Q: 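I'd like to ask some things about the structure below.
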Amino acid sequence: MGQNVYDTLVERGFVAQCTNEEELRKLFETEKVKFYIGFDPTADSLHAGHFIALMAMAHLQRAGHVPICLVGGGTGTVGDPSGRTDMRKMLTDEDIEHNCECFKKQISRFIDFSDNKAIMVNNGDWLRKLNYIDLLRDVGACFTVNRMLAAECYKQRWEKGLTFLEFNYMVMQAYDFLELNRRYDCKLEMGGDDQWSNIIAGVELNRRKSNTAVYGLTNKLLTKSDGKKMGKTAGGALWLDAEKTSPYDFYQYWRNVDDADVEKCLALLTFLPMDEVRRLGALKDAEINEAKKVLAFEVTKIVHGEEEAKKAKEAAEALFSGQGSAEDMPTIDVALSGGEKLIDVLTQNGVFASKGEGRRLVQQNGLTLNDEKVTDVDYVLTAADFNDGSAIVRKGKKKYYRLQSK
RNA sequence: GGGUAGGUGCCCGAGUGGUUAAAGGGAACGGACUGUAAAUCCGUCGCCGUAGGCUACGAUGGUUCGAAUCCAUCCCUGCCCA
């Protein structure tokens, strides 16, 4: 113990920008700080990008501070333009509500809400009731357009145009911070580094309206060493929902991160002590695979639980070490009535997006059935392909599927 | 409202009457190499398929033997002016 959480966050690589490092550090020492992070309900699951924020939140909670998890039932109706080149899709009220519920469930898995150790709020509760004129007079007067226009987060939009609707996002988020400060004495807002403009807007609004000193802190975004965003898979985002990204795929994602990113990920995404993180991160060449295994296991454990993490790990090791006969690969039921073409079956079950893709894969030697390369595009499945009712299909090098005859 | 530049495949972006399923790049996918890494190299990259066909260049109509390319109307976006 003893280390200031602020330093913990710095040491683990979370901190990108802070409004006032010295005062915030002091604040952490002198009181239980209520702090908030907002999550806009843009989809029905959180993803890897949110996870890093949740980890930061968890570190602070472990240090005795109180997280306020805000789901953006109000701000979600507007859509944050920060750093984006395109306008966000407008969501229906039903979608927003549904997504908020999904977020709440997921957040509850990472943050301890027992005994008022954390608070969950929805900004729709206050934003949706606001009266336009009142808000303009009360809050709008505190912002100058000149300053807003200078904000970094809109730069991307100068080419494409920014709607007035989106331009207001910053005002709403700033208002959230003011509201949370009034309701809960919330003194700190955190968020991804892309939120910096919105966060300082809130800090300034609090000062103007309440003459209150509050703070802002941004987390580094999860990027690869080459600067590209991390947490993207072929199918899009790396979701925390097991239905959208299976624990196995989730495990594999981290198992395969670049060498250069392993240490950073261990620090940000696991609770391992830093000396262990550094030890693992220092491993070289093939050795670093050990670090990746630890990373994948630890992250999967936090997100999906120890059971699932073990299963994912075992499945992966079985598949990659020898001939895989693991139970945990995606299973496809096949009703053999004679004449089923392998490609058709796999296409129908979404393994290929189209038959053309499957045909191509076979032509390029990328499809394996029970450890034998499939060379015939029109290969027809027979009972002989199934051992004990199942056949193993491998797509490319790493993707396995089990066909099960019924 | 006026002027002007645009809307092309997952994304960016060339193309301006036939040889264009549409250059180039990125992403993605497969192969080689490896450490289930990166980098690199090779291949693929609308759908169905033997040929061949079908669907596609904002939308709808039209001109033409033939249109992403020409015309009309409409929708959307940027910029400038009001």
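Per chain, numbering begins at 1; letters A, B, ... match sequence-line order. Source: prediction; values computed, not measured.
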Q: So do the side chains of A:Lys341 and A:Tyr379 get within less than 4.5 Å of each other, counting heavy atoms only?
A: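 Side-chain contact under 4.5 Å: no.
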
Q: Using whole Å, report how far NZ of A:Lys398 lies from C1' of B:U34.
A: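 Distance check: A:Lys398 NZ to B:U34 C1' gives 11 Å.
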
Q: Send over the distance from A:Glu287 CD to B:A38 C1', rounded to a whole Å.
A: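 Checked: the CD to C1' distance equals 18 Å.
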
Q: Students often get this wrong, so: under 4.0 angstrom with heavy atoms, is A:Val262 touching a base, only sugar-phosphate, or nothing?
A: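 It contacts nothing in the nucleic acid.
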
Q: Provide the distance between the two P atoms, one in B:C80 and one in B:A27, to the nearest whole Å.
A: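 About 34 Å, rounded to a whole number of Å.
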
Q: So, do A:Leu188 and A:Val214 sit near enough that their side-chain heavy atoms are less than 4.5 Å apart?
A: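 No - every pair of side-chain heavy atoms lies 4.5 Å or more apart.
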
Q: Using the P atom as the reference point in each nucleotide, state the distance between B:G26 and B:U40 in Å, no decimals.
A: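 After rounding to an integer number of Å, I get 10 Å for this pair.
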
Q: Take atom P in B:C10 and the same atom in B:A56, then report the distance between them in whole Å.
A: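 Those two atoms are separated by 14 Å.
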
Q: Between A:His47 and A:His50, what is the ring plane arrangement, given parallel below 30°, perpendicular above 60°, and tilted in between?
A: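 Tilted.
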
Q: Closest nucleotide of RNA chain B for A:Ala286 versus for A:Asp378: which of these residues is on the 5' side?
A: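 Comparing both residues, the 5'-ward one is A:Ala286.
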
Q: Ion pair present between A:Arg62 and A:Asp112, side-chain N to carboxylate O less than 4.0 angstrom?
A: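 Result for this pair is no, no salt bridge flagged.
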
Q: C1' atom, B:G9 versus B:A28: distance in rounded Å?
A: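 Each nucleotide's C1' atom is 14 Å from the other's.
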
Q: Tell me which nucleotide among B:U36, B:G35, B:A32 gets nearest to the side chain of A:Lys292.
A: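 Nearest to the side-chain atoms of A:Lys292, counting from C-beta on, is B:G35.
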
Q: Can you check the A:Ile288 CD1 to B:U34 P distance for me, whole Å?
A: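 A:Ile288 atom CD1 is separated from B:U34 atom P by 20 Å.
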
Q: Could you tell me how far B:C70 sits from B:U55 if I compare only their C1' atoms? Round to whole Å.
A: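 These two C1' atoms come out 23 Å apart once rounded.
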
Q: Please report, rounded to the nearest Å, how far the C1' atom of B:A28 is from the CD atom of A:Gln364.
A: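 Checked: the CD to C1' distance equals 12 Å.
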
Q: Do A:Thr42 and A:Asp40 have side-chain N/O donor and acceptor atoms under 3.5 Å apart?
A: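 Distance-only check fails for A:Thr42 and A:Asp40.
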
Q: When you compare the side chains of A:Asn123 and A:Glu179, does any donor N or O come within less than 3.5 Å of an acceptor on the partner?
A: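 Per modelled atom types, A:Asn123 and A:Glu179 side chains form no pair under 3.5 Å.
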
Q: Determine the interatomic distance between P on B:U16 and the same-named atom on B:C71; round to the nearest Å.
A: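 About 14 Å, rounded to a whole number of Å.
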
Q: Ring of A:Phe352, cation from A:Arg360 - is the NZ or CZ under 6.0 Å from the centre and inside 45° of the axis?
A: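 Geometry flag: not set, cation outside 6.0 Å or 45°.
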
Q: Can you find a pair of side-chain heavy atoms, one from A:Met274 and one from A:Val277, that are under 4.5 Å apart?
A: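 They are in side-chain contact.
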
Q: A:Phe297 has an atom CZ; how far is it from atom C1' of B:U36, in whole Å?
A: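 Rounded to whole Å, this separation is 18 Å.
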
Q: Is the closest basic N to carboxylate O distance between A:Glu308 and A:Lys301 below 4.0 Å?
A: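 No, this pair does not count.
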
Q: Please confirm whether the shortest side-chain N or O distance from A:Ser354 to OP1 or OP2 of B:G46 is below 4.0 Å.
A: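 Checking A:Ser354 against B:G46: no side-chain N or O falls below 4.0 Å of OP1 or OP2.
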
Q: Between A:Lys284 and B:G35, does any side-chain N or O lie under 4.0 Å from OP1 or OP2?
A: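 Checking B:G35 against A:Lys284, no side-chain N or O comes under 4.0 Å of OP1 or OP2.
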
Q: Please state whether the rings of A:Phe167 and A:Tyr154 are parallel, tilted or perpendicular, taking 30° and 60° as the class boundaries.
A: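 Geometry flag for A:Tyr154 against A:Phe167: tilted rings.
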
Q: Take atom P in B:G7 and the same atom in B:A59, then report the distance between them in whole Å.
A: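 B:G7 and B:A59 have their P atoms separated by 13 Å.
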
Q: What is the distance, to the nearest angstrom, from the OH atom on A:Tyr253 to the P atom on B:A37?
A: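 These atoms are roughly 14 Å apart.
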
Q: Between the protein and nucleotides 9-13 of chain B, which nitrogen or oxygen pairs come in under 3.5 angstrom?
A:
none

Q: I would like to know whether A:Ser108 and A:Met120 meet side chain to side chain contact (heavy atoms under 4.5 Å, CB included); could you show each step before the answer?
A: CA-CA 9 Å; A:Ser108 308; A:Met120 178 85 75; 4.1 Å; yes

Q: What I want to check is whether the side chains of A:Tyr175 and A:Asn168 have a donor and an acceptor closer together than 3.5 Å.
A: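 No.
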
Q: Runs of at least three consecutive Watson-Crick or G-U pairs, both distances under 3.5 Å, are what I'm after; which ones involve RNA chain B?
A: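 Listed by first number, the stems are B:1-7 with B:75-81, B:10-12 with B:24-26, B:28-32 with B:40-44, B:46-48 with B:52-54, B:58-62 with B:70-74.
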
Q: Taking NZ from A:Lys355 and P from B:U55, how many angstroms apart are they, rounded to a whole number?
A: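 Going from NZ in A:Lys355 over to P in B:U55 covers 19 Å.
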
Q: Rounded off to whole Å, could you give me the NZ-to-P distance for the A:Lys399 and B:A28 pair?
A: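 Distance, rounded to whole Å: 11 Å.
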
Q: Please report the distance separating the C1' of B:G62 from the corresponding atom of B:G17, rounded so that it comes out in whole Å.
A: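 The answer is 15 Å between these two C1' atoms.
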
Q: For A:Asn365, answer base if it contacts any base atom (sugar-phosphate contacts may also be present), sugar-phosphate if it contacts only those atoms, and nothing otherwise; contact means non-hydrogen atoms under 4.0 Å.
A: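 A:Asn365: backbone/sugar contact only, no base atoms under 4.0 Å.
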
Q: Which of residues 356-363 of chain A sit near RNA chain B, with a heavy atom under 4.0 Å from it?
A: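 Output list: A:Gly356, A:Arg359, A:Arg360, A:Leu361.
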
Q: How about A:His59 and A:Phe271: do any of their side-chain heavy atoms sit closer than 4.5 Å?
A: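 Result yes, sub-4.5 Å side-chain heavy-atom pair found.
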
